[in-house]
Amino acid sequence: IQTLKSQGYVKNQEIDIRLRMGGIGVGMISAEPIKINGEKCIISVLYDISDRRAAEEKLRKSEEKFRSLLENVTDALFVHDFEGNITDVNQRACQNLGYSRDELLKLTIFDIEVAKSPEKLKAAWRSMKSGAPVTIDGINRHKDGNTFPIEARVGVFELNGQLAVIALIRDISSRVAAEEALKSTEEKYRSIFENAVEGIYQTTHDGEYLSANPALAQIYGYDSPDELMFNIDDIAKDLYVDPLRRRDFVDLMDTCGMISGFESQVYRRDGNVIWISENARAVKDLQGRLLYYEGLVENVTCLLYTSPSP
């Protein structure tokens, strides 16, 4: 009434209304004065917008919750449409790529992802089922032009009544560097393993070979490690001249965890007997359970049987 008196009309003003079923709702009223048969009257239109306001409040809270989630995840988070247009990002995304939020919202996913073509990405998004995210590897480009490997968890979800693509993107530069370093170390170890002059092996507690290098096969008279492992099923009876020598080996391992200069007589493939010296250790897991034995073997026959010069 005060608004009507002061400005002569009311347009789309929200007011509290008492609902028919009880309780207070929200109404929107428009009103203006008119004359009917010379008498001053007020014509008004009132809409009950309680449901709309409740939906808007629910949406507001949902958006606040989503924004909180957006900013608190540790990975970069992108929301974009099926054409790749970025509609929302979190602060982590800005930090990882060197852009401000406003700058990112002007870009597309194709400006950032350089490993896959727009056509392949669009096809991947279209093939996704709502609520069933998938993991995709890629390469992202920083604002400064540098690139880095990423792992993206991508899914299609309904957001504010529309389907959108949401991607959690993790910079995996450190992981890739660690994997490359491990690969290099493994290649270096493999080179040492294959080219060592000493025999190198891994065996189970029960006396079965898990691995052997070419030098070990040569010491025992076999053409290859595979041939050695195929023919020796039980080290105690197939290799040692005295089968009890294997039990001595295991007992020392159980007691000390390692041995050095463990000398034994063993059979070569051709039946000849040689002397070997072993240095070995027990390899265990974090709970202290034995995984396998690994060691070095040297043929010391000549050392034992060669007499010193006068």
Side-chain angles (χ1 to χ4, degrees), residues 135 151 172 174-310:
T135 300
E151 181 182 81
I172 58 172
S174 297
R175 185 204 304 175
V176 170
E179 289 172 350
E180 288 296 325
L182 178 60
K183 181 180 178 182
S184 177
T185 300
E186 289 175 342
E187 289 174 351
K188 184 177 181 180
Y189 173 77
R190 174 54 57 182
S191 177
I192 294 171
F193 183 80
E194 296 293 341
N195 296 292
V197 295
E198 299 91 354
I200 302 175
Y201 66 82
Q202 291 177 331
T203 71
T204 66
H205 176 274
D206 296 330
E208 180 181 355
Y209 278 106
L210 298 174
S211 67
N213 73 338
L216 187 69
Q218 185 179 28
I219 290 171
Y220 293 154
Y222 292 92
D223 293 332
S224 69
D226 287 340
E227 185 183 24
L228 181 153
M229 291 188 289
F230 178 80
N231 284 278
I232 299 179
D233 295 324
D234 184 339
I235 292 174
K237 67 181 182 64
D238 295 335
L239 185 66
Y240 287 111
V241 173
D242 178 5
L244 296 179
R245 195 64 177 148
R246 177 66 180 181
R247 189 177 68 182
D248 295 338
F249 176 96
V250 172
D251 288 343
L252 284 171
M253 282 295 192
D254 290 343
T255 303
C256 305
M258 61 182 298
I259 57 173
S260 178
F262 185 80
E263 294 180 350
S264 309
Q265 286 183 300
V266 298
Y267 290 112
R268 283 173 50 88
R269 182 188 181 189
D270 59 13
N272 289 327
V273 175
I274 61 172
W275 281 90
I276 62 167
S277 177
E278 296 181 71
N279 297 318
R281 70 184 186 103
V283 179
K284 300 180 180 181
D285 63 17
L286 295 176
Q287 286 71 44
R289 293 175 297 222
L290 178 69
L291 297 175
Y292 52 84
Y293 302 125
E294 66 178 13
L296 301 175
V297 172
E298 184 180 2
N299 184 348
V300 295
T301 305
C302 292
L303 295 177
L304 292 178
Y305 284 99
T306 300
S307 300
S309 301

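Since the model is a prediction, treat every value here as computed from it, not as a measurement.
- Between Q265 and D242, the closest side-chain pair of non-hydrogen atoms is not below 4.5 Å.
- Surrounding NZ of K284 are at most 12 heavy atoms belonging to other residues, nucleotides or ligands under 6.0 Å away.
- Proximity of a side-chain donor or acceptor of S260 to a complementary backbone N or O of N279 within less than 3.5 Å is not detected.
- For R281, the salt bridge (Lys or Arg N to Asp or Glu O under 4.0 Å) partners are E294, not counting sequence neighbours.
- Rounding to the nearest 0.5 Å places CG of D238 at 11.5 Å from CZ of R246.
- For P225 against A217, the heavy-atom pair with the smallest separation is N-CB, 3.7 Å.
- Across all non-hydrogen atoms, the minimal contact from T135 to E151 is CG2-CG, 3.6 Å.
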Where do I219 and I274 land on the side-chain contact (heavy atoms from CB on, under 4.5 Å) test, with the steps shown first? CA-CA 9 Å; I219 290 171; I274 61 172; 3.9 Å; yes

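- Salt-bridge annotation for E186 and R190: absent, with no side-chain N of the basic residue lying under 4.0 Å from a carboxylate O of the acidic one.
- Between the CD1 atom of I276 and the CG atom of L296 there is a distance of 11.5 Å, given to the nearest 0.5 Å.
- In this structure, R245 satisfies the cation-pi test against F262, with its NZ or CZ atom closer than 6.0 Å to the six-membered ring centre and inside 45 degrees of the ring normal.
- In this structure, L216 and A212 approach most closely via the heavy-atom pair CD2-CB, 3.8 Å.
- For residues 209-233, the side chain to side chain donor-acceptor pair (under 3.5 Å) pairs, not counting sequence neighbours, are Q202-S211, E227-R269.
- One finds the CD atom of E278 at 11.0 Å from the CG atom of L252 (value rounded to the nearest 0.5 Å).
- When all heavy atoms of Y201 and A280 are compared, the closest pair comes out as OH-CB, 3.5 Å.
- Between L303 and E263, the closest side-chain pair of non-hydrogen atoms is not below 4.5 Å.
- Under the rule for a side chain to side chain donor-acceptor pair (under 3.5 Å), the partners of Q287 that lie at least two apart in sequence or sit in another chain are R289.
- Rounded to the nearest 0.5 Å, atoms CD1 (I232) and CD (E208) are 11.5 Å apart.
- Once rounded to the nearest 0.5 Å, the distance linking CD of E194 with OH of Y189 reads 9.5 Å.
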In sequence, state the C-alpha distance, the side-chain angles, and the governing distance for V283 and Y293, and then conclude on side-chain contact (heavy atoms from CB on, under 4.5 Å). CA-CA 6 Å; V283 179; Y293 302 125; over 6 Å; no

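- Environment of CZ in R247: sparse, with no more than 12 heavy atoms of neighbouring residues, nucleotides or ligands closer than 6.0 Å.
- For the residue pair D206/T204, the side-chain donor-acceptor check at 3.5 Å is not satisfied.
- Atom OH in Y240 sits 11.0 Å away from atom CG in D234 (nearest 0.5 Å).
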